Every structure is written in structure tokens, then in C-alpha cells.
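Inspection log for the structure reproduced underneath, given as C-alpha cells.
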There are 2 protein chains.
Amino acid sequence: MAITSHDVARLAGVSQPTVSRALRDDPRVSVATREKVRRAAQALNYVPSEAGRTLSTRSTRRIGVIVTDLTNPFYPHVVAPLHDELQRLGYRMMLLTERSDEAVAEEKLLDQSLDGVVLATATTDSRLPAQLDRRGMPYVFLNRDTGGSGDYASVVDNEGGGRLVADVLVGLGHRRIAGIFGAANTTTGRERELGFRLALADAGIGLPADRVVRGAFEYDTGYRALPALLEAAEAPTAVFCGNDVVAIGVLNAALAAGLRVPDDLTVIGFDDLPMAAWEVFRLTTVRHDLRELSRQAARLLVRRIDGDADPAGERLVLPTEFVPRATHARLH
Amino acid sequence: MAITSHDVARLAGVSQPTVSRALRDDPRVSVATREKVRRAAQALNYVPSEAGRTLSTRSTRRIGVIVTDLTNPFYPHVVAPLHDELQRLGYRMMLLTERSDEAVAEEKLLDQSLDGVVLATATTDSRLPAQLDRRGMPYVFLNRDTGGSGDYASVVDNEGGGRLVADVLVGLGHRRIAGIFGAANTTTGRERELGFRLALADAGIGLPADRVVRGAFEYDTGYRALPALLEAAEAPTAVFCGNDVVAIGVLNAALAAGLRVPDDLTVIGFDDLPMAAWEVFRLTTVRHDLRELSRQAARLLVRRIDGDADPAGERLVLPTEFVPRATHARLH
DNA sequence: CCTCGTTTGGAATACGTATGCATTTCTATG
DNA sequence: CATAGAAATGCATACGTATTCCAAACGAGG
């Protein structure tokens with residue numbers, strides 16, 4: 001059923017190696033035969049076998065992208081530019097959507113079917129990076145990393161972003177401030193919390209335990225956290241959320257609870273997903289360049305594969321910017 | 001760098017074929033040597049080469065899923081159950097996210113690196129199915145198909161769903177009704193429109209051209225369509241949207257235009273994405289079982305690959321159900 | 001003690017492509 | 001016209017795994 005280069009060779013009246021060379025524009029094959037081979041390949045609808053090529057060249061021109069939950073709107077916005085940039089660099093993207101990092105490691109990453117890996121949902125306790133290191137598989141972190149030195153990573157200035165928000169909230173007069181941060185085993189969660197806490201501390205404001213929630217970067221985290229925060233002795237007047245998806249969960253919970261935003265509650269997100277600008281939300285948030293974050297990761301990985309990256313590791317950090325919309329207000 | 005079955009064989013003191021057999025639990029290898037080989041493989045962290053196996057067996061146990069725009073929240077909700085079901089069936093999912101169907105065909109689907117394909121974003125004018133047929137590559141349509149007979153498809157009763165909505169709107173007293181349908185080259189768009197029109201016609205209600213918009217199943221389609229519909233001589237009192245994402249665009253546009261939903265305008269979607277239930281939307285819509293739709297597609301494809309499917313084609317149709325929430329109201 | 005059948009393992013090879021090396025076919029130059 | 005050199009193509013082989021076929025070893029029965 002499948003058509004091989006041998007079939008093309010037979011039809012064109014040349015040898016198989018000549019077909020291989022002709023189709024790859026090897027200068028060693030004459031223009032005449034090149035044309036002849038091309039026509040034969042066209043006629044037979046020949047497509048080179050990926051497996052054969054891989055086995056022969058020991059290179060797949062394919063890069064794996066690990067994402068645990070595509071349902072989270074954040075990731076599609078990462079995956080799309082990643083795909084385009086990788087394609088531009090001559091690689092194909094293979095999206096691996098596993099529930100957990102670990103299941104992925106053994107079977108799929110190390111079977112020589114990938115030239116490199118982008119880790120988009122790394123946790124600080126994952127054993128995956130070590131496994132990849134051991135097998136010499138090039139990889140980069142995207143958005144999250146493990147916080148170790150010597151890593152290759154394209155990340156955001158999370159700490160700076162957290163600081164931005166704290167400064168704004170303090171400037172608006174808020175004192176009873178709550179935080180719904182990301183999971184403690186993610187650097188995005190930790191760094192945003194750190195920056196936020198440090199800037200609050202600079203202003204002499206504390207963040208008591210009953211005004212702090214940590215959880216996955218999901219809608220439900222925000223949706224369920226708000227009622228809990230409101231039950232505290234002194235309800236917060238402002239909430240900083242680990243990302244936009246969590247903030248949107250909070251906004252919906254606020255609506256369910258009959259709270260008006262921003263009059264009764266200021267809500268601030270992180271990421272500035274397209275969704276954040278929707279009229280129903282008009283979410284005040286922290287922006288960073290998600291496209292550039294992804295493109296940078298792609299380029300860094302390819303540099304690493306080519307051996308052109310700094311052997312000591314490279315950590316590319318993108319700046320953040322405060323985006324005022326309609327979910328924050330001065331405390332009255 | 002890479003460890004092969006030959007390395008394992010050397011360490012275990014057996015031949016390479018024995019390694020292959022031992023790790024695949026071939027009864028022809030004794031329990032003792034099997035254990036010996038296993039330990040050697042373990043010690044070396046051996047992972048079989050995908051390319052080598054593919055070349056030898058001519059089977060990849062890998063299925064491609066074609067989706068054009070992951071940014072559209074509909075698709076992640078299809079991809080996740082698809083991934084799980086395929087995994088359950090012993091296949092790996094490879095997600096192909098190309099802008100257009102055509103770019104995909106030549107290079108990626110026919111290079112013998114896939115055992116089958118799921119088409120989730122087919123258009124009626126796509127040449128891709130014909131190409132796959134020509135090369136004997138098994139495939140199924142998911143959600144959308146091309147409307148041809150002899151196809152293998154897992155779809156929704158779109159026409160019935162369209163009828164449901166029309167009946168409800170008529171029953172609520174609406175007469176000036178608008179439709180924002182999907183693209184004309186998709187069966188989902190066409191069938192929902194057809195069912196809607198037929199049921200309206202049954203009630204003696206027409207659908208004039210200035211109350212009809214067609215466009216991609218995207219947020220922007222709804223967001224931009226509403227202002228246009230409102231400019232008509234007689235503004236509609238109800239809008240049926242081709243899917244939830246479009247409806248959400250309409251809801252945001254309504255908010256921007258100062259229209260109250262459902263008092264000023266009834267809005268109805270299709271799909272019942274999790275997002276539709278969010279408090280900010282509470283979208284009245286048409287539900288179908290997206291998980292089952294995906295699982296069914298996976299099972300159908302695997303049956304087709306195994307040669308167990310009906311050679312005349314199979315078209316599995318899931319029922320729809322009306323989901324009343326808060327975006328519809330009786331005309332007063 | 002010989003023979004036959006069974007069990008277990010190895011040798012050889014196929015899968016499809018790419019590439020180093022040998023070979024042929026030109027062209028140009030003496 | 002002979003020959004060196006360049007250009008073009010073919011031959012042989014490697015890549016890693018799975019499988020077909022064959023050989024060895026072993027035990028049982030006569």
C-alpha cells in the first residue's frame with residue numbers, strides 16, 4: 001500500500017539513493033534527473049517515510065510540548081505561537097497532554113521520537129527534568145521552571161508582577177487584602193506570592209493566613225476560594241489572584257454571592273488573556289507578552305539542540321505591565 | 001548516547017532478538033532469561049526506539065487529531081476525552097494544530113507515522129478526505145463531517161437541536177428572530193440552520209436575510225454580528241447562535257451596547273460548554289454529550305483500523321437536549 | 001544408547017531512508 | 001587522440017526493532 005522511494009526509483013529509472021538525493025535538492029544530482037524524479041514522485045504521490053528518515057538520520061525534526069490541561073485557556077494561547085515559531089524554525093510540534101508529568105517520561109519522551117521538549121507545566125517537585133538530563137534530551141521550561149540554576153527557561157518576571165499589584169492596591173487604600181495564589185509547587189505561584197508579600201510588607205501590611213488560599217491555576221480554585229475568604233472575621237476588600245482564570249472564577253463567585261465588583265470587592269488577575277478584556281469581566285490584570293514568551297522558548301530550545309546555547313543555562317525573563325480595567329477601585 | 005536493544009543484549013549476555021522477545025513477553029523465552037533481560041534493560045534505562053519499531057512492524061499505534069484552532073474553547077473539551085479514550089484503546093494521540101486542513105495533508109498524515117486520523121475541523125469543501133482515501137489512511141469525522149455518504153463520523157443531531165431552539169423561541173412569543181450561524185462550509189453550521197429554519201417555517205415565521213449572519217464559530221463572529229443585526233429596520237428580539245462561543249460574543253456585545261439580556265434580547269447557544277454555566281453568562285443553550293461524542297469517534301476509528309467497521313460507513317448521531325438558563329425570556 | 005520431539009536461543013533479514021565510497025560517463029586539456 | 005579530472009550515479013551499508021527460519025540442547029521413550 002505504502003509507496004517508497006524504491007517505487008519512485010523504479011518509475012524514474014534511477015536508483016533509490018538518487019531519488020533520496022534528488023528530492024532533497026542535493027547538488028550532486030543533475031537538473032534533468034532531478035526533474036525526472038520529481039515527476040515520478042508526483043505521479044505516485046510519494047511521501048517519504050518519517051520512520052525511515054528518523055532511523056537513518058537519528059533526527060526527527062520534532063519537538064514535544066508537555067501540557068497537562070488544555071482545558072485551561074492559558075495553554076492554548078501558549079501552544080499556538082509555539083507551534084508557529086517551531087514550524088518557522090523547521091520543526092514539527094508534537095503536543096503531549098498527559099494528566100501527570102511522570103507518566104509521560106518513560107514511554108514517550110525517551111523513545112528517540114523527539115529532538116527536544118518544552119515543559120510548560122513543570123512543578124518544582126517533578127522528576128522529569130532529571131530524567132531528561134540523564135538521557136541527554138534537550139529541553140526548556142516555558143512559563144514555569146523548577147527554580148534551579150543551570151536551567152534553560154523562558155519565564156515572566158512574576159515577582160515584579162506581584163509587586164506591581166501590591167503597590168496598586170496599597171495606593172488605592174486597601175488594607176484588608178487577600179491572595180489566591182497558584183499551587184505551592186509551581187514557581188509562578190511562589191514568585192507572584194513572594195513579590196506581592198514583599199511589596200505589602202514594604203507598606204507595613206501583613207497577609208494573615210486566613211486571607212491566603214493556594215490551589216491549582218483553575219477556575220474552580222477562584223470560584224471556591226472566594227466564599228471561604230468572605231467567611232473570615234474581617235472580609236477582604238481586595239483579592240489578588242494567581243492568574244486570570246482564577247480571577248474569573250472569583251468574579252463569577254462574587255456575582256453568585258451578590259457582591260458588586262469593584263464597589264464591594266477589587267479583583268486583580270495575572271496574564272491578560274484575551275478573555276480578560278471581555279465586557280462581562282473587564283478584568284484588571286498584569287500583562288506579559290505570551291506570544292513572545294512562547295517564541296522565546298522555541299528559539300531557546302532550538303539553540304540548545306544546535307549546541308549554540310550557553311552551557312551554563314539561560315533564563316530569559318519577560319517584563320510585566322499593569323493593565324487597569326474595571327475590577328479595581330479606590331477604597332471608600 | 002541512545003541505548004539500543006543491542007546494548008541490553010550485550011549486558012544480559014543474550015542476542016538482540018532475545019531482548020526484543022523477552023521485553024514483549026514472548027512465551028518462547030524462558031522465565032529465567034526474561035528476568036535477566038528485564039534487569040539489564042532496567043539498569044540501562046532502555047526505551048525501545050519508536051522509529052525502529054515502526055519501521056519493522058509498519059504500525060505506529062499513534063493516531064493524529066486535526067484541529068485548526070485550539071484557542072477556541074470547544075476543541076480542548078474534545079481533545080481531552082479523545083486522548084483518554086485513545087490511550088485506553090492502546091493508542092497515542094498526536095495533536096496536529098494547523099491553520100488550514102490543506103497544509104496538513106501532504107507532509108504529516110501520509111508519512112506512515114500515523115495509524116489513523118480524527119478530523120475535528122472538516123469543511124465540506126476540503127480535499128483532505130479524498131487524499132486520505134486515496135492512500136488508504138483510516139479516518140473518522142468528529143462533530144463535523146462532509147455530508148457525504150459512506151463516511152465514518154461521530155456527530156450530533158444538529159438539525160434536531162436547531163428545531164428545539166426554534167420551537168422554544170416560538171413558544172415564548174418571539175417573531176422577529178435572528179440567526180448567527182456557523183460557516184456555510186461546515187455541516188454543523190448548515191444543519192443547525194436547516195433545523196432552525198424548518199421549525200420556524202412550520203410556525204409560519206420567516207428568516208429574512210438581514211436577520212441572518214454566517215461566520216466562523218468564534219467569539220468575534222458573535223461580537224461583531226450583534227451590532228449589525230441591531231441596525232436592521234426591525235431589531236430582533238431573539239438570536240440563535242451557531243454555538244456557545246458565538247453566543248458569548250453576543251452576550252458581551254449586548255453588554256457593550258447597553259442591552260439587557262434577556263429583557264431586551266433573548267440569546268441561545270449550542271454545545272453547553274462548561275463556560276456557558278458561568279454566572280456571568282448563565283447561557284441558555286443546547287446540550288449534547290461532548291465526551292461521548294469524542295469517545296465514540298475514538299472507538300469508531302479503532303474499529304475501522306482493525307477492519308471491524310461497516311464497510312459502507314458508519315454515522316453515529318448523538319441526541320440534543322434543551323438547557324434553559326437565564327438568557328431567554330417570554331416576549332412581553 | 002539411540003532417536004525423536006520439545007524447548008530455547010541465535011543467525012539472518014526486512015522495513016525505508018540517507019550517505020560514504022566506488023564507478024561510470026562525460027568534458028577539457030595536452 | 002589519450003588521459004586527467006570533474007560530474008553524475010549506483011552499490012553497499014547503517015540506523016533499531018521484530019520476525020522467520022534454523023540450530024542447539026535437553027529430556028523422554030524405546
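All of these numbers come straight from a predicted model, not from anything done at the bench. Chain identifiers are assigned alphabetically (A, B, ...) following the order of the sequence lines, protein sequences preceding nucleic acid strands; residue numbering begins at 1 within each chain.
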With a 4.0 Å heavy-atom cut-off, tell me which residues in residues 49-64 of chain A come close to DNA chain D, sorted by residue number. A/L55, A/S56, A/R58
Please state how far atom CZ in A/R10 lies from atom C1' in D/dT9, giving the value in whole angstrom units. 18 Å
Hey, does the side chain of B/S5 come within less than 4.0 Å of D/dT17's phosphate (OP1/OP2), counting only N and O? yes
In whole angstroms, the gap separating P of D/dA18 from CG of B/L23 amounts to 8 Å
Determine the contact category for B/R21: base if any of its heavy atoms lies under 4.0 Å from a base atom, sugar-phosphate if only primed atoms, P, OP1 or OP2 are that close, otherwise nothing. base
Identify every side-chain donor-acceptor pair in residues 73-83 of chain B under 3.5 Å, counting partners at least two apart or on other chains, and give the distances.
unit_1 : atom_1 : unit_2 : atom_2 : d
B/H83  : NE2    : A/T97  : O      : 3.1
B/H83  : NE2    : A/E98  : OE2    : 2.9

A/T18 side chain N/O closer than 4.0 Å to the phosphate oxygens (OP1, OP2) of D/dG10? yes
I want to check a possible cation-pi pair here: A/R62 against A/Y91, using under 6.0 Å from ring centre and within 45° of the ring axis as the test. no
Judged by modelled atom types alone, do A/D151 and A/T146 share a side-chain donor-acceptor pair under 3.5 Å? yes
Under a 4.5 Å cut-off applied to non-hydrogen side-chain atoms, are A/I66 and A/V118 in contact? no
Cation-pi, A/Y152 ring and A/R315 (6.0 angstrom, 45 degrees): no
Heavy atoms, side chains only, cut-off 4.5 Å: are A/T124 and A/T187 in contact? yes
Grab the CG-P distance between A/D111 and D/dA18 for me, whole Å please. 12 Å
Tell me: CG of B/D26 to C1' of D/dA18, nearest whole Å? 10 Å
Separation of D/dA24 atom P from B/R28 atom CZ, nearest Å, is 16 Å
Would you indicate what A/T4 reaches in the nucleic acid, counting non-hydrogen atoms under 4.0 angstrom: base, sugar-phosphate, or nothing? sugar-phosphate
With a 4.5 Å cut-off on side-chain heavy atoms, are B/V140 and B/V117 touching? no
Check every nucleotide of DNA chain C for an atom under 4.0 Å from a heavy-atom of chain B, then give the first and the last such nucleotide from 5' to 3'. C/dT8 to C/dG16
Under a 3.5 Å cutoff, is there a donor and acceptor pairing between the side chains of A/S126 and A/T123? no
Name the nucleic acid region contacted by A/V19, choosing base, sugar-phosphate or nothing; use a 4.0 angstrom heavy-atom cut-off, strictly under. nothing
Decide whether B/S154 and B/Q296 meet the rule of one side-chain donor and one side-chain acceptor closer than 3.5 Å. yes
Distance in angstrom units between A/Q112 CD and D/dT17 P, rounded: 9 Å
